[in-house]
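Here, residue 1 is the first one in the sequence, and each next residue gets the next number. As the structure is a computational prediction, the values presented were derived from the model and not from experiment.
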Amino acid sequence: MATKKSETPVKKSTGAAATAAKKTASVKEKAATAKAKAASEKSTAAKSAAAKKTASVKEKSATAKAKAAPEKSTAAKTAAAKTSAKAKKPVAGIDEDGTFRAWDNAKSKDVPKSKAKSGKTQDSPSKLTAEEIARNLEKARSFDPGKDASAKKPAAYDDEKIRHLDALEHIRLRSGMYIGRLGDGSNQNDGIYVLLKEVIDNSIDEFIMGFGNKIDISIKDNHVKVRDYGRGIPLGKVVECVSEINTGAKYDNDVFLFSVGMNGVGTKAVNALSSYFRVCSIRSGECCEAVFEKGKLIKNRTGKLKEKQPDGTFFEFVPDEEIFGKYSYNMEFVEKRIRNYAYLNTGLTLHLNGIEYSSKEGLLDLLQNELEEEGLYPVGSYRGEHLQFAFTHTNAYGENYFSFVNGQFTSDGGTHLAAFREGFIKGVNDFFQTSFKSEDIREGITAAILIKIKNPVFESQTKNKLGNTEIRQWVAGEVQSGLNDWLLKNPKAAERLKEKIAHNEKMRVELSNVKKLVRDNAKKNSIRIEKLDDCRYHLEDGEKGKNSMIFITEGQSASGVMTHSRNSDYQAIFSLRGKPENMYGKKQTDIWKNAELAQLMTALGIEDSVDNLRYSKIVIATDADNDGFHIRNLLLTFFLGYFEELITSGRVWILETPLFRVRNKKENIYCYTEEERDAAQKKLGKSCETSRFKGLGEMNSNEFKHFIAPETINLTPVEISQLKVIPQLLAFYMGKNTPERRKFIENNLLSNADIDV
């Protein structure tokens, strides 16, 4: 709409100028023509200034006005482009041919051909030369804060390099401070996986420094063993390194230039939180062994080996059930971690329970294994000394990123990911000499980035988000130049990328009218969102809104109970009328025509972009019955189809409410599983009463308050093991293959004897 408005005054100006020109006296024609000729020889800036001055002159300036009118048209279009640049970020959806897209009210604008750089490659769409890109790349690399580190050789790794800092409080008493959540192994961020990661990270550090290219890992019956072939812990400091807080060589940058492991904390946390912990260090035919139980030293011995073995370190531990309760390792989560280690460390071989994991192409292999569908062009990549990235675009919705720092997966991104996105946008616009909108460039992208820095600053002990601000200029600059270099060498892929961006832009603009119509209707019908009971604080409120959550529930009975039970400061409730529409395979215009889903998007704040999400957690709270599970699947289909990034970033959760209540006159016990119910019945005796909850509305607000209180709420995250499996899953469970799905259900039905209610 902004572009059309800019055209109107241009037409009026041209018409007026033409009319004035006709009325000019014949006596003055020669003078007017001479002035017009002189004006055309001036620069663009001079013309614009002349046009403004002649606006107040009489008939003699008419011809000059006619010449200046095209320049006004250019200025008007430029103003329109600037106005469109302020448009809001896009919302996701599915276009008419079934692919996912984003849109808003703006268009991209090409730079005039006159501004094109000379010397471009004949087959390349870029106006940059190879020499210019090379100079830019070298300049970007100059900002790399670790550029001087790689030239240094590691110093001697001996007893003198081990440092001991001030002690912290006992890890067993403050376990969450060191490893985050505890958990039972059902979540990939549970503490038992953090313990495994901290031990493996130490082995990775050895590989990064050039020592040992193999790591053996074994997990059986919760018994973990890890053996690397690095330098081995100095024999005189083995006990201190695994038992004294803030003791280790990670503080010495001459020994570990780019460290992944915790600075003097990792193995101490593993030791303290394990019922059994054993470490053996082997160096030059000698060995030091130390055995601990719950952090207390049981045995320590040093001596020569009878049979020579390669240098390295061996760890063995069993997480303590007193800390973690009943737990088990989900090997799918473990395998994913091991694959990531292989992708990020080409040349390293990891063995997990006898299965080998390695990668020759690194981040390229990662993207190939994660892509939901084949890329629109071959995966692009760049590999610098301390920065690597790979990328491609697909027809799938949204943006998917895998970000790593020193081999550590940063699930929440951070400054390096933000700088990568900035550099990628600048690189595309620089290469094509255009001003494409960022959302059109990033829509459909899948990318991975790895950086190595000497002193990473993470926002939590578990290293999920990087906070180093000084790396922005380096990362953005090197990504921009590295991308230009790849696009210059791959002109066909560059052209395909440009076509993808143009298509994204077209779909965004075409659907802007649909969005406007729905919003206008919503404003006419209601001032507020009809089914939303909002909370006081949201994500944009910073610290106050970090715990904000919205419960999506079904019907008035459930929402009524939750409304009276919630904390209105940070808990909001959105009530569905019933089962929402199955949005699998729908066009993106359909989500706007569905009034309930349109209201849900508005309530969440994601109608334009997931970046505007108003709540920290989106919690699906449905009954624990068939209808409740069906509603849950319909909502997940909606999020996966249109807002996949909400799930990949860990924003979507499932509220787990008790299935049973076992009570007597003195005590109530709420049970989430049949095992818990049986244990409660045994505890309270034969006279106890057992109830089965069939719906949220059956609970009163006083008891339900306990189930959504921050200290006692039971939430299960919605997670994706691999992005590429999502289309097949949705197609099978939510598609139009009814006969196939019916056969599957019939073959997997449980008999009454199998169902315990």
> Between Asn406 and Ile451, does a side chain to side chain contact (heavy atoms under 4.5 Å, CB included) hold up when you go through it step by step?
Replying inline: CA-CA 6 Å; Asn406 295 358; Ile451 68 168; 5.7 Å; no

>> Run Asn400 and Glu644 through side chain to side chain donor-acceptor pair (under 3.5 Å) and show every step you take.
In response: CA-CA 9 Å; Asn400 288 301; Glu644 187 180 78; 3.1 Å; yes

> Please walk me through it: do Leu539 and Tyr615 pass side chain to side chain contact (heavy atoms under 4.5 Å, CB included)?
Replying inline: CA-CA 5 Å; Leu539 266 179; Tyr615 307 95; 5.6 Å; no

>> Walk me through whether Val270 and Val242 qualify under side chain to side chain contact (heavy atoms under 4.5 Å, CB included).
In response: CA-CA 8 Å; Val270 181; Val242 299; over 6 Å; no

>> Checking His416 against Arg472 for the side chain to side chain contact (heavy atoms under 4.5 Å, CB included) test, could you report, in this order, the C-alpha distance in whole Å, the side-chain angles of both residues, the deciding distance, and whether it holds?
In response: CA-CA 7 Å; His416 62 311; Arg472 176 184 165 275; over 6 Å; no

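Checked by atom type and distance alone, the side chain of Lys268 pairs as donor or acceptor with a backbone atom of Cys241 at under 3.5 Å. Side-chain atoms of Arg337 come within 3.5 Å of backbone atoms of Gln188 as a donor-acceptor pair (strictly under, hydrogens ignored). Here the side chain of Ser481 pairs a donor or acceptor atom with the backbone of Asn136 at under 3.5 angstrom. Remark: side-chain polar atoms of Ser203 are not paired, donor with acceptor, to backbone N or O of Gly230 under 3.5 angstrom.
Classification of the Phe315-Phe277 ring pair by plane angle, with boundaries at 30° and 60°, yields tilted. Note on ring orientation: taking the six-membered ring where Trp is involved, the planes of Phe424 and His393 are tilted (angle from 30° to 60°). The aromatic rings of Phe404 and Phe409 sit tilted, their planes meeting at an angle between 30° and 60°.
In this structure, the separation between NZ on Lys214 and CG on Asp228 is 11.0 Å, given to the nearest 0.5 Å. Note that SG of Cys280 is 9.0 Å distant from CZ of Arg227, once rounded to the nearest 0.5 Å. Summarising the geometry, atom CG belonging to Asp311 is positioned 8.0 Å from atom OG belonging to Ser281; distances are rounded to the nearest 0.5 Å. Atom CG of Leu182 is separated from atom CG of Asp184 by 10.5 Å, given to the nearest 0.5 angstrom. Atom CD of residue Glu399 and atom CD of residue Glu443 lie 7.0 Å apart, to the nearest 0.5 angstrom. Note: Glu478 CD to Gln388 CD = 10.5 Å, rounded to the nearest 0.5 Å.
Contact annotation: the side chain of Ile219 approaches that of Met331 to within less than 4.5 Å [non-hydrogen atoms, C-beta and beyond]. Counting heavy atoms from C-beta outward, Tyr401 and Arg442 have side chains that approach closer than 4.5 Å. Counting only heavy atoms from C-beta outward, the side chains of Asn213 and Thr349 never approach each other to under 4.5 Å. A 4.5 Å side-chain heavy-atom check between Asn222 and Ser328 finds at least one atom pair inside the cut-off. Taking 4.5 Å as the limit, every side-chain heavy atom of Asn271 sits out of range of all side-chain heavy atoms of Phe317. In this structure, Ile471 and Leu466 have side chains that are in contact, with non-hydrogen atoms separated by less than 4.5 Å. Inter-residue side-chain proximity for Tyr193 and Val334 is flagged as met; some heavy-atom pair is nearer than 4.5 Å. Using a 4.5 Å heavy-atom cutoff, the side chains of Phe324 and Leu273 are in contact.
Side-chain contact annotation: Ser275 with Asp320, donor-acceptor N/O pair under 3.5 Å absent. Side-chain contact check for Asp216 and Tyr229: at least one donor-acceptor pair (N or O, by modelled atom type) lies under 3.5 Å. Looking at Asp365 and Ser359, their side chains do bring a donor and an acceptor atom within 3.5 Å of each other. Looking at Tyr341 and Asp201, their side chains do bring a donor and an acceptor atom within 3.5 Å of each other.
Heavy-atom minimum distance, Ile620 versus Leu636: CD1-CD2, 3.8 Å. The heavy-atom pair separating Gly482 from Tyr382 by the smallest distance is CA-CD1, 3.7 Å. For the residue pair Asn468 and Val457, the shortest heavy atom distance occurs at OD1-N, 2.5 Å. For the pair Thr410 and Val405, the tightest heavy-atom approach, listed with the atom from each and the gap, is CG2-CG2, 4.0 Å. Across every non-hydrogen atom of Leu367 and Thr392, the tightest pair is CD1-N, 4.4 Å. Shortest non-hydrogen contact noted between Thr313 and Ile233 is OG1-N, 3.5 Å.
In summary, Arg141 and Glu385 do not engage in a salt bridge, as defined by a charged side-chain N under 4.0 Å from a carboxylate O. Using a cut-off of 4.0 Å between Lys/Arg side-chain N and Asp/Glu carboxylate O, Lys336 and Glu332 are scored as not salt-bridged. Between Lys296 and Glu293 there is no salt bridge, since none of the side-chain N atoms of the basic residue sits less than 4.0 Å from a carboxylate O of the acidic one. Between Glu645 and Arg651 there is no salt bridge, since none of the side-chain N atoms of the basic residue sits less than 4.0 Å from a carboxylate O of the acidic one. Checked for salt-bridge contact, Lys294 and Glu322 meet the test: a charged N lies under 4.0 Å from a carboxylate O. Remark: Glu289 engages Arg278 in a salt bridge, criterion side-chain N to carboxylate O under 4.0 Å.
Within the 6.0 Å centre-distance limit, the rings of Phe389 and Phe420 are counted as a close aromatic pair. Between Phe292 and Tyr276, the ring centre distance reaches or exceeds 6.0 Å.
Enclosure of atom CZ in Arg283 by more than 12 non-hydrogen atoms of other residues, nucleotides or ligands within 6.0 angstrom is indicated.
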